[in-house]
Amino acid sequence: DAGVTQSPTHLIKTRGQQVTLRCSPISGHKSVSWYQQVLGQGPQFIFQYYEKEERGRGNFPDRFSARQFPNYSSELNVNALLLGDSALYLCASSWGGLAAGELFFGEGSRLTVL
Amino acid sequence: KNEVEQSPQNLTAQEGEFITINCSYSVGISALHWLQQHPGGGIVSLFMLSSGKKKHGRLIATINIQEKHSSLHITASHPRDSAVYICAVYGNKLVFGAGTILRVKS
């Protein structure tokens with residue numbers, strides 16, 4: 001069975017641009033969550049979606065948005081990119097919410113903002 | 001004070017040693033996750049706990065909800081255990097500790 005897949009794996013953008021990151025969860029998993037990990041630091045929670053509804057949001061500005069589709073895949077959008085948005089963006093899926101079972105992480109999308 | 005505190009921040013052990021990593025948190029939670037991250041970024045879930053104790057191979061995780069504390073133990077450590085170990089707690093959002101960098105020398 002395929003694990004959590006994320007695309008693209010690497011991308012370079014310039015300040016002010018917009019980026020869309022994609023995540024496909026493990027088959028049967030209904031929850032997707034997004035995390036930002038700046039180099040040398042631990043992950044920071046951005047969003048959680050369960051059954052296509054936002055169920056949690058971390059302390060990130062409104063430039064960050066996400067959605068979950070009927071097939072449970074998800075997109076993370078970041079507008080008006082800043083240098084500080086350079087990070088590894090991780091997606092995790094689980095069959096239920098964040099307290100319902102183990103999290104399965106993708107390999108991440110590494111975003112560089114120049 | 002951070003909501004999730006891990007100790008130690010860095011740990012070097014000799015192969016075969018028993019290792020303990022601690023996680024203390026200050027908020028009410030419904031679950032606690034232990035995660036492992038190898039250089040290069042990949043994160044693997046080790047355990048999800050809401051009470052008691054879980055064991056998987058050489059790894060044991062315990063949680064004391066009343067004391068707001070969890071421990072991850074590694075028995076008979078091996079160089080392949082070298083990684084960053086991260087505790088994350090879930091109340092209404094997932095909050096991560098800063099991680100413990102473990103190096104096991106042969």
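Numbered from 1 within each chain, the chains take letters A, B, ... in sequence-line order.
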Quiz prompt | Gln48(A) vs Tyr90(B) side-chain heavy atoms within contact, under 4.5 Å | solution =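 Sidechains of Tyr90(B) and Gln48(A): in contact.
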
Exercise. Examine whether an atom of Ile86(B) lies under 4.5 Å from a heavy atom of chain A, and if so say whether it belongs to the side chain, the backbone or both; otherwise answer neither.
Key: side chain

Self-check item: Atom NZ of Lys54(B): over 12 foreign heavy atoms under 6.0 Å
Solution: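 Yes, NZ of Lys54(B) has more than 12 neighbouring heavy atoms, counting only those of other groups under 6.0 Å.
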
Quiz item: Considering residues, nucleotides and ligands other than Asn71(A), do more than 12 of their heavy atoms fall under 6.0 Å from its CG?
Solution: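 It does: Asn71(A) CG has more than 12 such atoms within range.
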
Exercise. Give the C-alpha distance, both sets of side-chain angles, the deciding distance and a yes or no for side chain to side chain contact (heavy atoms under 4.5 Å, CB included) between Phe104(A) and Val44(B).
Key: CA-CA 7 Å; Phe104(A) 294 82; Val44(B) 174; over 6 Å; no

Distance check, rounded to the nearest 0.5 Å: [X] atom [atom1] versus [Y] atom [atom2]?
{"X": "Phe45(A)", "Y": "Asn92(B)", "atom1": "CZ", "atom2": "CG", "result": "8.5 Å"}
{"X": "Lys93(B)", "Y": "Ile46(A)", "atom1": "NZ", "atom2": "CD1", "result": "12.5 Å"}
{"X": "Ile43(B)", "Y": "Leu103(A)", "atom1": "CD1", "atom2": "CG", "result": "9.5 Å"}
{"X": "His33(B)", "Y": "Ser94(A)", "atom1": "NE2", "atom2": "OG", "result": "7.5 Å"}

Could you see if [X] belongs to whatever hydrophobic cluster contains [Y]? Use Ile, Leu, Val, Met, Phe, Trp, Tyr and a side-chain cutoff under 4.5 Å.
{"X": "Leu111(A)", "Y": "Leu83(A)", "result": "yes"}
{"X": "Tyr85(B)", "Y": "Leu32(B)", "result": "yes"}
{"X": "Val84(B)", "Y": "Leu90(A)", "result": "yes"}
{"X": "Val32(A)", "Y": "Val4(A)", "result": "no"}
{"X": "Val95(B)", "Y": "Ile63(B)", "result": "yes"}

Quiz item: Looking at Leu46(B) and Glu102(A), what are the two nearest heavy atoms and their distance?
Solution: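 Answer, listing the atom of Leu46(B) first, then Glu102(A): O-OE2, 4.2 Å.
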
Quiz item: What part of Tyr35(A) is in contact with chain B, defined as an atom under 4.5 angstrom from a non-hydrogen atom: side chain, backbone, both or neither?
Solution: side chain

